[in-house]
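Here's the structure, in C-alpha cells; my notes come after.
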Amino acid sequence: MEALIHWLADLLAKWSWWPFAPAPSATVVVWLVYAAITAFVIAPLAMIVLTWLERKILARIQDRIGPNRAGPFGVFQALADAIKMLTKEDITPSGVDRIAYNIAPAMAAVAAIAVFAVLPVAPGIIGTDLNIGVFYIVAIGAYGILAVLMAGWSSNNKYALLGAFRAVAQLVSYEVPMVLALITVTLVAGSMSTADIVAGQGSGWYFIAIPLTFFIFFVSNMAEVNRSPFDLLEAESELVAGFHVEYSAFKYALIMIGEYVHMLAAASFSAVFFLGGWRGPFIDWAVQTSPLLAVVMGHVYFLIKVGFMIFVLIWIRGTLPRFRIDHLLDFSWKFLTPLALLNLLVVAFVLKLFQPGTSAGIDIPAGPLSGLYLGGWGQTLGLLLGSILVVLVASAVVKAFAHRSKDAGLRAIAAAE
Amino acid sequence: MEPFVFFIFSILTLGGALGVVTTKNLYYAALFLIMSFSGMAGYFVLLDAGFLAAVQIVVYVGAIAVLILFAIMLSRKVMTRNEPLLNRQWGLGLATAAIFFFVMLAVPLNVKWPLSNEVSSGNELVQLGLAFLGSYVIPFEVVSILLLVALIGAIILARDTSDVEVE
Amino acid sequence: MTIPLSWWLISATALFSIGLYGVLSNKNAIAILMGLELMLNAVNINLVAFGRHITPLEVTGQIFAIFVIAIAAAEAAVALAIIIAVYRQRTSINVEQLDSMRF
Amino acid sequence: MEKLLLLTPLIPIFPLLAFVIIIFGANKNNKLSAWLAIGGIGLSTLTSWLVIAGTIMGGHHVQAEGWRLPIPWMPTGEIVFNMGVGVDGFTAAMLFMVPLVCLLIFIYASEYMEGDPRYARFFAYVSLFAFGMLTLVIADNLLLLFMAWEVMGLCSYLLIGFWFEKTSAKRAGLKAFLTTRIGDVLLFAGMLILYSYTRTLTFHELFKPETLEMLSGTMMWGIPVSALISLLVFGGAVGKSAQFPLHVWLPDAMEGPTPVSALIHAATMVSAGVYLVARMLPLFAIVPDGALRWVAIIGAITAFFGATIGIAQNDIKRVLAYSTISQLGYMMIALGLGGFLAGVFHLLTHAFFKALLFLGSGSIIHAVEHGAHHVNDHHTDPQDMMNMGGLYGRMKRTAWAYFFGTAALIGIFPLAGFWSKDEILAEAWLQWQEAGFMSLPFWAWLAGTLGAFLTALYMGRQIGLVFFGKPRTEAAAHAQEPGNRMTIPLLVLAFFAATLGFINVPFIKGGWLHHFAGEVHAASHALHLEAIPFQVSVAVVSSIVALGGFFLGWAMYRNLKAGQQDPLEKMLGPVFTVLKNKYYVDELYTAIFIKPTVKLATLCAKFDYDWVINPIVNTVGRIGVVSAIISAKFDEIVIDGLGVLGTARFFKWTGKELRLTQSGQVSNYLLTIALSSLTLVGMYLFFIRM
C-alpha cells in the first residue's frame, strides 16, 4: 500500500504542472484520491450494509424474518433497492428553488462523510490528526444542519419546511449537550485530538471513568442522527417524510447516504471517545512488536465496537416509541443540558484534584490528590465516583420535580419509588 | 501550493461576499454569505489558526447563518414581493466603498511592517487557553456576560408578546 | 512558501469594502446585517494575519478575533431579534419604511 | 509527609459539603442530616489528624517555616492574587482542637436538639460554622481568613437567633451580629491599609523582616503604619473575642441552643479573635511603643472584670459566659506580654474544658427541663441555678465530668488549666520581676491572680448550688441523666481537660508544644518564644487562691435553701447589685449610643417639620409667588415680545432648512458616517503620514 502511494506520488511529481511547488501538490492529489475512494466507495457501501442490517435486526426484534429473497439471508436486497433507487426518474418539482434544491443532498452527504477525516481507525491509521479534532467534528456538523434547512426551504412545500424547522430546532438543541459532553471528554483526555483521546484511554476506557458523559453523548448523538426515538423530523405519520419529502431517485439516495453515514460516524465516534477506539487485548504489545499486526488487530477491535454501537442504535429503534416535539426540546434544554453542565463541573473539579504539577510543559499548581500513586486508575476511580454523585443528585432533583408536578400520573410514579 | 489554495479561498471569500451584495434574492445572499464564511475559515487554516477556523464555522455557519436563514424564512412575505433590494443611494454607496478600497490599499502597499520570521511552537490551543484564563480573563468574563445578556435580550425581543398564555 | 502579509491585507480590505457597500446600499435590514458581518470578518482576517506575521509566537491576534466573533454573535442575535420584532409590527423589514424618527 | 499535607484544603470541604447537601437535599430528613453533619466533621477530624501527623513528621522545617499551597486566585493581568492554605505548628495545634471539639459538640447536639422543629437546619448551620472556623485556621492569608471570619459572623447570627420565635433570642442574634460588626469593620480597614502598603495579604510575606521594617518605619497621620494596623486588627479581635468594651454580645449569646454556646465559646467564634491576634503577633511586636501594651491592658481589664460579674449571676450559662470572657482576657494578657505560646496553650486547653462545662450545663438544663415536664411544672426557669440543687445524686456522669471541667478551669494541679493558666501568670510574674513594682506586668499578674480567685469562687458557688444540698424545686428533684450521645462526649472532653496540659509541661523537654508550635514566629525578636521555667511561687500562690476560692464558694452555697437570700449579696451589699447588673454596661450603651441616636433622629425630624426647613420652604414659596407676579409682567412685555418670538422665528427658519437632512433613513446616516470617517482617514493619511 505504501509503495503504491509512493509510486503515485512520484508519478504526479513528474507531471508537476503547477508552477509553485510540485511535490506537495502530488501529495495533495494522493490524498484527494483517497478521499474520493472513501466518499464514493465506503459511503454507499455503508448505506447498503446498514440498511440491510437494520431491516434484518428490526425484523428479528419484531419476530419476523426480514428480507430473505435476494441472495442468502437477503443480503442483496439492499443492493437491489439501491439499483432501483438510482434507476428511478429524477423528478424536480416545479416551483422549487433549483440551486439550493440540488446542492442540499450533496451537502448532507459531504457533511456526514467529512467527519471521517479525523477518525482513528487503527494505530497510525487516521485521515489527519488535527489538534482540534473534536472541535472539527462539531464544526462540520454545522453543514449538516444547513443542508437540512436548504432542502426544506427550497422544496417549496410546507411539510418540508415544517420538517426542516423541526429538524433544525432539534439539531441545534441537541448540539449543546453533545458539545458539553465532548468538552468533558476533552478535559479528561487533555487534548482535542482524536488520536490522543484514544491514546489516553490506556488506563481505562472513558466509558468506565465517565459513564454519565457517555450517556449524554450517546443520547444527544441519537438525536443528532435522527434515530428513533428522536426521529421526529421524518415522522411519517405527521409530516409525510419531513424535509426530504420532495426528493426522489439519486438525490434521495444521497440524503439517505448522508443519514446512514452520519449514523456510522456517530457509532464510530462513540467507540473512539468512550470505548477506547482501536484498543483491545494485546494491542499495546502489538504496537511495539509489529505495526502491521497492530493495524490489523486495531481494525478488528474497532469494527467490533462500531458494530456493537450500531446494533444498540437499531435495538433502541426497535424498542422505544417516538417523542413528542415539545417533550423532545424540553428533554434537551431542561434535562440533558443542565445535567451535562453539572457533569462538566464535577469532572473538572475531580480532574483538578488529580492534576499533575505540569501541563503541556507549563508549571501549574498540583492538585491535592496528585501524589497518591494510583496512576491513571486513581483518576478513573475519582471520575467514576463523581459520575455516580451527579447521577444521584440528578435523580433526586428529578424526583423532587416529579413530586411537585401537576401531572398526577408522574406524581404517582414518584411517590411509588 | 499555498498561493493556489489561497486563490481558491479568496475566490470563495470574495466571490461569496460579492454574491451577498449583488444578488437580488435574499435567500441566495444568505447562502453566499455561508460560502464566504467557509472561505474565511480556509484563510484561518492558512494562517495557522486552526482553532479559529473551527470557531468560524461553528459560530458563523452553524449559528449566525442559520439564524439569518431563519429570520429570512420567518419574514417570507417580503421575499415574494420581489422588489429591488438596493436603495436609492446605492450609487453613492458604491462610490464610497470603492474610494475606501483604494484609499486603504495605500496601507498594505506602502507600509513596511516589522515582520517576524519566527515559527510558532504549534501549541496554540494551550496558549489560547492560558491567555483566556490568564491575562485576558476579565475581557473573557465580560464577553461571557455580554453573550448572556444578548441571549436573554434576544429572547425577550423576539418573543411574540401578543398571545403569551399563562397556564 | 507562505503568503505575504500584503495579500491578506488587500483581501481583507476588499472584503471590508464589499461589506461596506452592502451596508450602504441595501434597504433590507437582513442584508445590511450580512454586510456588517462581512466587515467584521474582514477585521478578523486582519487581526489574525497581523498576529501571524508580526508576533507569531503569541496568539494575541487570535484572541482578539475570538472576542470579535463572540461580540458579532451577540450582535447578530439581538439584531435579528429586533428585525423579527419589527417585522411582526409592520410586516416589513425595509429600512426605508422605518422612518418614523424623522422630522 | 508532603502527601499528607496536601490533604489540608479538604479539611473544611467536608462540613461545607454537609451544609450544602443538608440545605438542598436532606432538610426533610432529620436523622440523615445529623449523620451528614457528624460525618462531615468526622471526616474533617480524620483529615486533620493526618495533616497533624504530616506536620509532626515534617519536623522543624514544616513546624516553624510552614508548608503552603498557594492557589492563584483572580489572575488579573500581571498581578496574581494568591489565596492559599498553609500549615505550620500553630495551625496544626489548632487543627487538633477545632474539629475534635466540634465533632463532640455535634454528637452531643444530635441528642440535645431532638424534637426541635428545625433540627436539620440546625445541623446545616453548625456545619457551616465549622467550615468557617476550619477555613480560618488553615488560611495562609488575611483575605481568606476574613472571608471565613464573616461566614462565622453570619452563622453566629443565625444560631444565636435560632429560636427566633423568642424576642430575646432574635435580639441577642442581632446584638451579636452588630457588635462583632464594629470589630469587623475595624479589621477590614486594617486589611485595606495593610494591602495598600505591602501589596500582599499572605502571612509569610507580611512577616518578612524587610516588610515589617518598612511598616514600622512608614508614618501615616503621624503614627507608624504598623501601630495603626495593629490596633485596627486588634479591634477586630476585640469584637470577635468579646473583649471589653465589646463583650456585651457574648452573655446574650446564651439565648442560642446550648451546643451553639459551646461551639461559640469554646471551639470557634471567640477563639478566632485570639487566633487572629496570635497569628498577627509579629506585626504587633514591631510597633515601637505600644500595640502589645494595649492588648495586655484590655486583656487584664477583661479578665478581672469578667470574673467579678461571674460571681453574681444566677443563670448557669451566664456564669460560664462571663467565665469565657474572663478566660479570653487571660489569653490576651499572655499575647500582650509577648508570651505567644502561653496564650495559644491556654486557648487550646480552654477550648476543651469550656466546651465540657457548656455541654455539662446543657446536660443539667436538659435534665432539669425533663424533671419540670415530669412534674408538669412550666414556670420554673431550667437555667436558673437557684432552682437546682442536689443534682449529684441524680446525674453522676455529668457531675463527675463537670467536676473535672471545673477543676481544670480553676487550675487544680495537674489538670490542663493549671498548666496553661500558670504559664500566663508566670510570664507576667517574670516580667514583673524585671520591670519592677507597679509596672504593667505587675498589674496584669495581679488582675490574673485576683481573677483566678474569683473564678474559683464562682465555680465553687456553681458546684455548690447545682450539685449539692437539697433540691430547691420539684423539677430538680426529678431531674434525669440524659442518654449516651450526650454523656459520652462529656467524658471524652473530661479526659482531654484532665490530660491536655501535659503537652506543654515545663518538665518534659521544656514544653513540647513550645517546640511544636512556638517557633512559628521565630523570626520576630520582640516575642518571648522560649519556654518559661516552672515558677514554684506562682504555682503555690495560684493553687492556694484557687482552692481557697473554691471552698469558700462551695461552703457558702452548698446548703442554700429555696428562697433564701444569696449570702454574697448579704456580704457585699450594693457592690453585688452592681455586679449582678454587669456594671450597667448595657444600660450605659443604651444611654450613650442608642438613646442619643433616637433623640437625634427625633430632633432631625423636628428640625425638618416644625422649626427650620418647613418654615423656610414656606417663606421661599411666598417670595416665589410675589416675584412670579412681577416677572410675569416683565415676561409679557420684554421676553415674549422680543426674545422668545424673535428667537423662535429664527430657529423655525433654520430648523425648516436643516430638517431636510434628517431623513429618518438609516442608510443615509450610515453613508454620512462612512463618508465622514473616510474623510478623516484620508486627511490623516494625506497630512500626517505623507
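Reckoned from all heavy atoms, side chains included, excluding hydrogens, waters and symmetry mates. Just so we're on the same page: letters track the sequence lines, and every chain starts at 1. Here the structure is a predicted model, which means the values were calculated and not measured.
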So, the side chain of C:Arg52 versus the backbone of B:Phe44: is there a donor-acceptor pair under 3.5 Å, distance only?
-> no
Which heavy atom of B:Leu52 sits nearest a heavy atom of C:Gln62, and at what distance?
-> CD1-O, 4.1 Å
Minimum side-chain heavy-atom gap B:Leu146-C:Ile71 below 4.5 Å | yes
Tell me, for B:Phe51 versus chain C, whether the close heavy atoms (under 4.5 Å) come from the side chain, the backbone, both or neither.
-> side chain
Between B:Leu94, B:Val20, B:Leu109, B:Leu151, the one whose heavy-atom pairs under 4.5 Å with chain C are most numerous = B:Leu94
Report the distance from atom CE of B:Met104 to atom OG1 of C:Thr13, rounding to the nearest 0.5 Å.
-> 7.5 Å
Pick whichever of B:Leu47, B:Val21, B:Ile68 has the most heavy-atom pairs under 4.5 Å with chain C.
-> B:Leu47
Shortest non-hydrogen pair, B:Leu14 vs C:Ala14, comes out as CD2-CB, 4.1 Å
Choice from B:Leu128, B:Val149, B:Val143 maximising heavy atom contacts with chain C below 4.5 Å = B:Leu128
Distance-only, no hydrogens or angles: does the B:Gln127 side chain make a donor-acceptor pair with backbone N or O of C:Leu57 under 3.5 Å?
-> yes
Would you indicate whether the side-chain heavy atoms of C:Trp8 and B:Leu46 approach each other to under 4.5 Å?
-> yes
Contact winner vs chain B - C:Ser25, C:Ala81, C:Ser11, heavy-atom pairs under 4.5 Å | C:Ser25
Pick from C:Ile84, C:Val48, C:Val78: which one has the most heavy-atom pairs with chain B under 4.5 Å?
-> C:Val48
OG-CG distance between C:Ser6 and B:Asn110, expressed to the nearest 0.5 angstrom | 11.0 Å
Heavy-atom pairs under 4.5 Å with chain B, option from C:Leu5, C:Thr55, C:Ile82, C:Ile83 with the top count = C:Leu5
Can you tell if the side chain of C:Tyr21 reaches within under 4.5 Å of the side chain of B:Phe100, non-hydrogen atoms only?
-> no
Taking all atoms of both residues into account, what is the closest heavy-atom pair of C:Ala74 and B:Leu147, and its distance?
-> CB-CD2, 3.9 Å
Against chain B, label C:Ala79 side chain, backbone, both or neither, depending on which of its atoms sit under 4.5 Å from a heavy atom there.
-> neither
For the atom pair CG (B:Leu18) and CD1 (C:Ile18), what is the distance rounded to the nearest 0.5 Å?
-> 4.0 Å
Most heavy-atom pairs under 4.5 angstrom with chain B, which of C:Ala49, C:Gly51, C:Gly35?
-> C:Ala49
dist B:Ser36:OG -> C:Met34:CE (nearest 0.5 Å) comes out at 11.5 Å
Which bit of B:Leu115 comes within less than 4.5 Å of chain C, counting heavy atoms only: side chain, backbone, both or neither?
-> both
Heavy-atom check, side chain of B:Ile64 versus side chain of C:Leu80, under 4.5 Å = no
Could you look at B:Ala29 and say if it's the side chain, the backbone, both or neither that has a heavy atom under 4.5 Å from chain C?
-> both
Aromatic ring proximity C:Trp7/B:Phe7, centre distance under 6.0 Å | yes
Quick one: CG on C:Leu15 to CZ on B:Phe101, what's the gap to the nearest 0.5 Å?
-> 10.5 Å
Contact check, side chains of C:Thr60 and B:Tyr136, non-hydrogen atoms, under 4.5 Å | yes
Would you mind telling me which of C:Ile10, C:Ile54, C:Leu9, C:Val23 has the largest number of heavy-atom pairs within less than 4.5 Å of chain B?
-> C:Ile54
Residue B:Tyr60 versus chain C: region with a heavy atom under 4.5 Å = side chain
